[in-house]
Structures are given as C-alpha cells and as structure tokens.
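Written below as structure tokens is the structure these notes are about.
Proteins come first, then strands; the chains are lettered A, B, ... in the order of their sequence lines, and each starts at number 1. Only a predicted model underlies this, so the values are computations on that prediction, with no experimental measurement involved.
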2 protein chains.
Amino acid sequence: MARPKFADRDFLDAALAIAAERGPLAATVGAIAERLGAPVGSFYHRFPSRDVLLGELWLRTVLDFQQGITAALDAGDGLRAALHTPQWVRTHLDEARLLLLYNRDDFLQGGWPEALRDGVAAQTRHMESGFSRFAQLVFGRAGRDEIRRAQFLLAELPVGAVRQHLQRREMPPPIVDELIRITYDAVIADYRARQKR
Amino acid sequence: MARPKFADRDFLDAALAIAAERGPLAATVGAIAERLGAPVGSFYHRFPSRDVLLGELWLRTVLDFQQGITAALDAGDGLRAALHTPQWVRTHLDEARLLLLYNRDDFLQGGWPEALRDGVAAQTRHMESGFSRFAQLVFGRAGRDEIRRAQFLLAELPVGAVRQHLQRREMPPPIVDELIRITYDAVIADYRARQKR
DNA sequence: TATATTCTAGAATATATATTCTACAGCGAC
DNA sequence: GTCGCTGTAGAATATATATTCTAGAATATA
C-alpha cells in the first residue's frame, strides 16, 4: 500500500459541492481535483471516467433520498411518504439541488456507463414498486389510473412544490407541506368519490 | 444587398429542434449550422454568440407560452390559466421540452448576454404580475400567502404534472388535466375555509 | 532490506467547440 | 460596367476539458 491522501468519497463530495453551487456542468474533473487539492491523476486512479463519478454521485444521492419514502411506505403512512420530499430537502439542500433540479442523464456526457446500468435499473424498479405500493396502500388497487395518481402525489407534487425554493437555495417554508397535504387529501377524496359512482 | 439563403428564424428553429431532441447542450453552433446546411460564418453573421441565440430562443418560447396564460387571466378564468400548460404542451411538444425540462440558465454557457437582460427582466416581471393577478382573481387578495398559492396552482402544479410525459416525448393524457382540476379546486376551497375561521 | 503495489503528481495529448478570419459571390446604386 | 454592401463559405485559431502517460514516493510484505 501507499499513503492515500484522498478517498473516493472525497471526490464525490467535492463534485457534489460544485454541482450544487454551479450546476453539474461545472463539476469538471479539473474543478473537482482543484477543490480537493488533488492532482487529476488521483482522480483517474479512482474513477475510470467523469461520467462514472457523476453517475455514482447521482445513485448514492437518489438511494439516500428514496430510503425515507420507502420507510414511510413500510410504516403504511402515505402522507408521510409524500411529505418526505420537503423534509429531506431541508436537511440535504445540496443533494436536493443535484437530484431535483436536473434531469437524470443531463450531467452525463455520454450515456450511463456500463458499470452503473444495473444500479440505475434497480433504482428505477425500486421507484416503480414504490408507486405501486403507495397505490395499493391509499387506493386499495394498483391499476393504471391508481399508479398515475401515486406518481403525482409521491413525486410530481412534492418535487414541484419544492423546486422554486431549491433554485433560490433556500429551505422550503411550511406552506409547501401545507399545499402537499391539501392536495394529497383532495386527490384521495376524489378517487373515493369516483368509486362510489 | 445579397441573396440571403437563411433567416434568423431558421437558426432558431434548427436550434429548437436539436435542443428538443438531444438537450440544449447538443445545440452547438456546429450542429445548428449543419442541420441547416449553413456555414458557421452565416451563423455568426446573424448572432453575436451562441448564448444570444439560445437566449433569444428561450425568450421567444416563453413569451409564446405565457400568452395563453395571460389571455385566460384577462378573461377572468383562473382554471383555464392553470390548464393552459397541458394544453399548450400538447401543441408545442418541442418548445415545451425546451422550456419545462431545463432550468432557465442551464443552456447559457456564461450568464445572460447584456442584450437580452431587459427582455428577461421584463419576462420575469410579467410572470410575477401574472401570479398577482391570479391571486387577486381567485383569492381576492395578493398577499404573500396568496401569491405562493398562485405560483403553486399556475406553475408548479401544471408543470410538475406534465414533466414525466415531456420526458417521454408523449402528449399529456387527460388524467393530467383532471389532477390539475382536482388540486385547483381543493386549494381554493381550503383557502376559503381558512378565511372563515 | 528488496520489491511489488498503491498512490500522488502533474505534464502531455486528444478532442470538441466557440469564435474569428479571409475569400468571394450576388445584387443594387451610380 | 464598376463599386460597395450583405451574405455565403469554410478554413484557421483559441480554449476548455477529458483522458493518458511518465515519474517518483510511501508502505506492506517477503
């Protein structure tokens, strides 16, 4: 062995900080290395390419994010799952900017590196199963319509409500949770009313 | 005079097509010129820089988009204003991808070119006044809370509900309008109920 | 201690892209 | 018809960035 001055983690963190500050495009290999005081050689000693680094960063972030939603679903608490987004954003501003302000593939130069394909596919499946579970939980059924509503309540709504605050790098105010709650109740009530007819 | 083979418009359209297809990053000067069969010299004969072209493209698109919302507000129809987004998206898939899938400054290399600053500022003001007008219209008041709700109903909600379809390059299905309607009614009803207390 | 291994270090290279430059062609004004 | 303007045409240039390469240092293990 030799004397590692930097860990994989350090590069990921540096990249996160830069991406959160100036966008994923600014997270160049040079910028990352410079921020860390490391030579680019050390970067390439750990990561085969910039895309792999950014891909890993995205994966690690999304997994952390989803954990809270999964936990809420495990506990059978749909509303908590929907409110997890503003909660998580408040404690993970940088990560949230990376995850919620940019499209999944937008920071990859090329496509997803082979090495990460499986991880991304697993993540996608996990997310989809989350929607199904949510639909089953609050609607008692997971058909096309129920899943579409689940996507709305669990993802589109909370992310939408939080975006403008992320853009301004500020913590989402309580009104955000309030709006999510109101909408959550309304969509479920509407579904049930529709069932009766 | 000479014989213009290309118009400003042609470059803007070519850039739009490329950006909608492969993202704004792919809209390089080379790619735009190639798609048009024009030499890059002609590009720079018309636009001082790539940023100016992309900025103008964004402005022209957002103005077109906002027009419908403004019209609905003029007619005193708040719901129509909220539903304008899915409507417009259906008839302007490419433009919508450009406008709603990326952040305003994300395709500009540098900041906004001096020449466009005023236009962007005016656009921002116009958007803010739209929120105020909406708040006044449906809440009868345009305080902090009312404006925040207006932003939610007019922008975050519709854009959020439409995003996944844009990503898949497909037209938003009717359920999208349905979800917007449900939420619209619920948020307004909640506001009124809160007033009573 | 000798040696292989793991890293640091940063220069060299390749490539993509924006931007500039030079040459020339059509067309109206004179 | 010639001059000058507006554009076309595309080669040349500059720069940013990813990636590779060469050198050498530190440590574990034999």
Side-chain angles (χ1 to χ4, degrees), chain A residues 1-19 21-58 102 105-116, chain B residues 1-19 21-58 102 105-116:
Chain A
M1 299 291 170
R3 63 289 98 109
K5 292 173 67 172
F6 317 102
D8 287 21
R9 179 81 202 246
D10 297 329
F11 287 95
L12 289 166
D13 290 343
L16 169 63
I18 296 170
E21 228 169 71
R22 297 182 285 136
L25 256 78
T28 66
V29 175
I32 295 167
E34 186 180 29
R35 183 178 195 105
L36 213 57
V40 300
S42 290
F43 177 94
Y44 281 96
H45 189 69
R46 288 157 203 294
F47 299 92
S49 74
R50 175 177 180 271
D51 278 355
V52 167
L53 170 100
L54 287 179
E56 282 187 13
L57 177 58
W58 187 86
Y102 304 92
D105 336 77
D106 257 8
F107 29 70
L108 288 299
Q109 295 280 168
W112 278 80
E114 193 55 39
L116 299 178
Chain B
M1 300 290 168
R3 64 291 91 117
K5 292 172 68 173
F6 317 102
D8 288 20
R9 179 80 202 245
D10 297 328
F11 287 95
L12 289 166
D13 290 343
L16 169 63
I18 295 170
E21 228 169 71
R22 298 183 285 136
L25 256 80
T28 64
V29 175
I32 294 168
E34 186 180 30
R35 184 178 193 104
L36 213 58
V40 299
S42 288
F43 176 95
Y44 281 95
H45 189 70
R46 288 157 203 294
F47 298 93
S49 75
R50 174 178 181 270
D51 278 354
V52 167
L53 170 100
L54 287 179
E56 283 188 12
L57 177 58
W58 188 86
Y102 304 92
D105 338 75
D106 256 7
F107 29 69
L108 288 299
Q109 296 279 168
W112 278 81
E114 193 56 39
L116 299 177

Length of the line joining [X]:[atom1] and [N]:[atom2], which is rounded to integer Å:
X: Phe6(B); N: dT8(D); atom1: CZ; atom2: P; value: 6 Å
X: Leu36(A); N: dA9(C); atom1: CG; atom2: P; value: 11 Å
X: His45(B); N: dG10(D); atom1: NE2; atom2: P; value: 16 Å
X: Ile32(B); N: dT19(C); atom1: CD1; atom2: C1'; value: 14 Å
X: Glu34(A); N: dA11(C); atom1: CD; atom2: P; value: 14 Å
X: Phe11(B); N: dG7(D); atom1: CZ; atom2: P; value: 11 Å

Would you say [N] has OP1 or OP2 under 4.0 Å from some side-chain N or O of [X]?
X: Ser42(A); N: dC7(C); value: no
X: Arg46(A); N: dT8(C); value: yes
X: Lys5(A); N: dA26(D); value: no

Going through the checks in order, is the side chain to side chain contact (heavy atoms under 4.5 Å, CB included) test met by Leu57(A) and Phe11(A)?
-> CA-CA 10 Å; Leu57(A) 177 58; Phe11(A) 287 95; over 6 Å; no
Could you tell me the separation between the [atom1] atom of [X] and the [atom2] atom of [Y], rounded to the nearest 0.5 Å?
X: Phe47(B); Y: Leu54(B); atom1: CZ; atom2: CG; value: 9.5 Å
X: Phe107(A); Y: Leu25(B); atom1: CZ; atom2: CG; value: 12.5 Å
X: Leu108(A); Y: Leu53(A); atom1: CG; atom2: CG; value: 10.5 Å

Ala7(B) backbone acceptor or donor facing Asp10(B) side chain under 3.5 Å = yes
Would you say Asp51(B)'s side chain and Gly110(B)'s backbone share a donor-acceptor pair under 3.5 angstrom?
-> yes
Carboxylate-amine/guanidinium contact Glu56(A) Arg46(A), below 4.0 Å | no
Identified stems (criterion: three or more consecutive Watson-Crick or G-U pairs, under 3.5 Å), DNA chain D = C:1-30 with D:1-30
What's the closest nucleotide to the Pro39(A) side chain, out of dC7(C), dG10(C), dT8(D)?
->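 Of dC7(C), dG10(C), dT8(D), dG10(C) is nearest to the side chain of Pro39(A).
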Heavy atoms of other groups near Glu21(B) CD, more than 12 under 6.0 Å |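 Above 12, so yes.
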In B/S/- notation (B base, S sugar-phosphate only, - none; protein heavy atoms under 4.0 Å), nucleotides 13-18 of chain C written 5' to 3' is ----SS
For Leu36(B) and Phe43(B), run side chain to side chain contact (heavy atoms under 4.5 Å, CB included): C-alpha distance rounded to whole Å, both residues' side-chain angles, the deciding distance at 0.1 Å, then the answer.
-> CA-CA 10 Å; Leu36(B) 213 58; Phe43(B) 176 95; over 6 Å; no
